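Beneath this line is the structure, given in structure tokens, with notes to follow.
The structure displayed is predicted, hence computed values, not measured ones.
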Amino acid sequence: MRRILLLFTGIAIIFSYMMAQFAVWDEVLSPEKTITVTYEDNFMPRLTPSTAVSVPMLPLEKRLSSKAAKIRVFGNDSLPDYVLECAEKVKSVWSSIIQNNVDCEIEIKFESQDCDIKTSVKHCQTSTSCCPYALYLARTQNNNVVSSDKTSSKDPSEDKYAGCITINSDVSWDSYTGDNIDSSKKNLSYGLTRAMCRIFGFGSPISLYQEPDDYRYPTSFKYHTPFDSLVVRSDKKHLRDIACYPNRSNPKLVDFITTPGVKFFVGDTIDLYQLADPPYSQSNLPFTAMKTGMMSADITLGDHVLQVDNAVIDILTKMGWSTKRRENIGIICTDSTKNSFVDPLASHSFMVVKYNYDSLSRDTVTKAEVKGGTWRLTLPLKDSRDCRTVYYKDNDGTCIIPPITDYDSYYADVNGVIEARLEYCFDINGVTFKTDPYVLNILVNPSVESVTVKGIRWISGSRYAVDLKVKTFGAEYIKMECVEEFSQTARVQTVHEYPTIECSTPSLFSEGYAWIILTAVNCLGTSDYIVEITPDATQHYPLSPEKVIGRRHESRLPENGFRSAVLSGTQHKYKIYDISGTLIWSGNDISSCQEMPAGTPVVIQYTEDGEIRTVKHIKH
């Protein structure tokens, strides 16, 4: 009986450990104590052009479900009206996302302080985790759990206070969203959206006590938060495997954070979930922000994205929140695109659509019943930080953007990509809204997308031509160059067609190799696509420019006409042709070939390792 008891006890311990490692937020226990962690946010000037996203488009009653969170904001009578209005807008955004039917309260203060926004987050510590109090409330309220705390007869769920947001009263805040934004001011709505996200548990309580590497957990933190349980390093090491030492030096934690060359992710090594990069500082604390998105460490002036991005929602879902992506209005490109890249020399069509989301993934896309709005394309200028805005006519929720002929005046990154943003602006009951922006990655570098050899046409027993179909991307014209082994000159022709070209080579000599070099050209650069034709035109296949020169070490598409060659001995069977392809000598001892006068260009051909090798040679 004792052995059976020990067996069940061991199973229970293992099971509880698994729960602690992977689903601690599903365990509902009475809190042992409450702990407060404070985060600070400071805005900074915008360094790169950015566009805005307005408030959620649908009315509040259409965005909320019966399971939506009941979030209340409160403060003293001295709070300015615009602060309360911003808080109400942000509260409605989060109420439409958090679906646990949680009833929580958030205090708002407005007073002078050193940082722009200070967020104090209340946590409760159970026997296995430190859980943000808002998430703890969601679990206890949904499961109707009554506290077993003998020191109090009050149900802990009656205490709804989840955190406090303190706003710096010395800042000249911008309280608007959408087109009314003042990009020269710090946007309060955006700041409050981030602050409430922290109250719901986003971010780690780890702080930097003494730079550069004194990383610690706060006082009384004995266990990881649900957020920390998801943090993984790029070398697959998990934060949850490091013990929490409350307000004590922790060498293993320091090593975890400061190991060179690693990145940090939440839940998985997907770029969407990458955390802010080191080096960390008091203004860029470890694990409190993501590299990009709403919780980016770089909080810039004019940020006012009230639509919480999908990465944050997915992380909250992994933490244990039941979330719902509200119905959004967005834009799709209705013509085929190459990996989200668009061709500047082609026209593209777009349509306003309605996204219906469930808690995990995008479900359906349907055409949105909107019209009468304005299409607006924003492009970054090359020589300044400003942007150019181009407007297009609306056609019942669709539009066509014509070719962008002046693309050389816009800023392109090192990959030759211009990042433009397309928005649809419209009015509902006198209020202006905008869709989520559609990012157009305009690829300005020209390229040959594909080459199809339609056929080989024999002109005579020793001459043939190749018929080609060439698809291009961003090319103003195509230059076709034909290079042959048995020729001193290359023949070039230019074709001005777009985007698909049908062309033919001049006649090629069948006894040797031939190379068709197709060069895509526009005002910003060139790129090559090379097709190799084998002797007798038995095979053809594409080559990259890097592979052509070294494909056979003695020869292949010589860079500068003929090369000198050092060939001797009798280990091969050699054939020597003149430049017109006439065989003038064959044999094993190449040194015995004395019949050519000095300066004669020839082609020497022999077989080695089962391959035909050739050398273009000038007789000395």
Side-chain angles (χ1 to χ4, degrees), residues 38-55 86 90 93-94 97 115-119 121 165 167 171 173-174 177 181 183-208 227-228 230-234 257 262-319 323 325 378 380 385 387 413 419 421 436-437 439:
T38 299
Y39 303 92
E40 295 183 355
D41 282 336
N42 285 292
F43 287 77
M44 59 189 69
R46 184 177 296 283
L47 301 177
T48 56
S50 180
T51 54
V53 179
S54 72
V55 297
C86 285
V90 174
V93 171
W94 280 110
I97 293 171
C115 62
D116 292 332
I117 293 181
K118 183 183 296 183
T119 308
V121 182
I165 303 172
I167 303 163
V171 172
W173 291 100
D174 171 40
T177 58
I181 184 76
S183 59
S184 65
K185 293 183 178 181
K186 302 173 182 181
N187 190 269
L188 183 57
S189 297
Y190 181 71
L192 289 175
T193 306
R194 287 173 55 97
M196 287 193 187
C197 190
R198 297 200 191 283
I199 290 174
F200 296 125
F202 192 101
S204 171
I206 297 172
S207 57
L208 185 58
F227 183 89
D228 279 357
L230 299 171
V231 173
V232 59
R233 224 164 58 174
S234 52
I257 297 174
V262 297
K263 297 180 179 180
F264 300 95
F265 300 85
V266 183
D268 201 354
T269 52
I270 301 173
D271 286 344
L272 183 65
Y273 307 140
Q274 186 179 344
L275 295 168
D277 285 330
Y280 298 115
S281 64
Q282 293 294 350
S283 60
N284 184 29
L285 295 174
F287 312 136
T288 61
M290 296 179 69
K291 188 173 182 180
T292 58
M294 190 197 77
M295 297 303 293
S296 169
D298 179 18
I299 316 171
T300 55
L301 293 175
D303 277 330
H304 58 293
V305 183
L306 291 191
Q307 298 193 17
V308 180
D309 57 79
N310 290 340
V312 168
I313 296 175
D314 285 343
I315 291 172
L316 293 176
T317 304
K318 291 174 185 284
M319 288 170 51
T323 58
R325 289 178 175 84
T378 305
R385 293 181 179 178
C387 295
D413 63 19
E419 185 179 289
R421 291 174 178 262
D436 290 335
V439 178

Margin query: Once you measure the plane-to-plane angle for Tyr280 and Phe264, does it fall in the parallel (<30°), tilted (30-60°) or perpendicular (>60°) bin?
Written below: tilted
Notebook entry, point to check: Quick one: does Pro205's side chain get under 4.5 Å of Asp228's, heavy atoms only?
Noted result: yes
Item checked: Side chain Asp309, main chain Gly293, donor-acceptor under 3.5 Å -> no
Check: How many angstroms lie between CG in Asn187 and CD1 in Ile299, if you round to the nearest 0.5 Å?
Finding: 12.0 Å
Check: For the residue pair Thr193 and Trp94, what are the closest heavy atoms and their distance?
Finding: O-NE1, 3.3 Å
Check: Are the side chains of Met290 and Phe202 in touch, meaning some heavy atoms are under 4.5 Å apart?
Finding: yes
Next item on the list: Check whether any side-chain heavy atom of Ile117 lies under 4.5 Å from a side-chain heavy atom of Tyr39, and answer yes or no.
Entry: no
Check: Should Val231 and Ser204 be marked as a side chain to side chain contact (heavy atoms under 4.5 Å, CB included) after you check the CA-CA gap, both sets of side-chain angles, and the distance that decides it?
Finding: CA-CA 9 Å; Val231 173; Ser204 171; 5.7 Å; no
Item checked: Nearest atoms (heavy-atom pairs only) where Cys387 meets Thr378 -> CB-CG2, 3.5 Å
Note to self: Once rounded to the nearest 0.5 Å, what's the spacing between atom CG of Asp41 and atom OG1 of Thr288?
What the structure shows: 8.0 Å
Notebook entry, point to check: For Leu275 and Phe227, which heavy atoms make the closest approach, and how far apart are they?
Noted result: CD2-CZ, 4.1 Å
Check: Just how far is it from atom CD1 of Ile199 to atom CZ of Arg194, taken to the nearest 0.5 Å?
Finding: 13.0 Å
Check: Which distance, rounded to the nearest 0.5 Å, do you find between the NZ of Lys118 and the CZ of Arg198?
Finding: 13.5 Å
Notebook entry, point to check: Any idea which heavy atoms bring Ile165 and Thr119 closest together, and the distance?
Noted result: CG1-CG2, 4.3 Å
Check: Out of curiosity, Phe43 CZ to Asp298 CG, how far, rounded to the nearest 0.5 Å?
Finding: 11.0 Å
Next item on the list: Answer yes or no: is there a side-chain heavy-atom contact under 4.5 Å between Ile257 and Ile206?
Entry: yes
Checklist line | Validation row: Phe287, Val266 side chains within 4.5 angstrom (heavy atoms) | finding: no
Item checked: Heavy-atom closest pair, residues Ala297 and Ala289 -> N-CB, 3.6 Å
Next item on the list: Check whether any side-chain heavy atom of Leu192 lies under 4.5 Å from a side-chain heavy atom of Ile167, and answer yes or no.
Entry: yes
Check: Which heavy-atom pair separates Leu301 from Lys186 by the least distance, and what is that distance?
Finding: CD2-CG, 3.2 Å
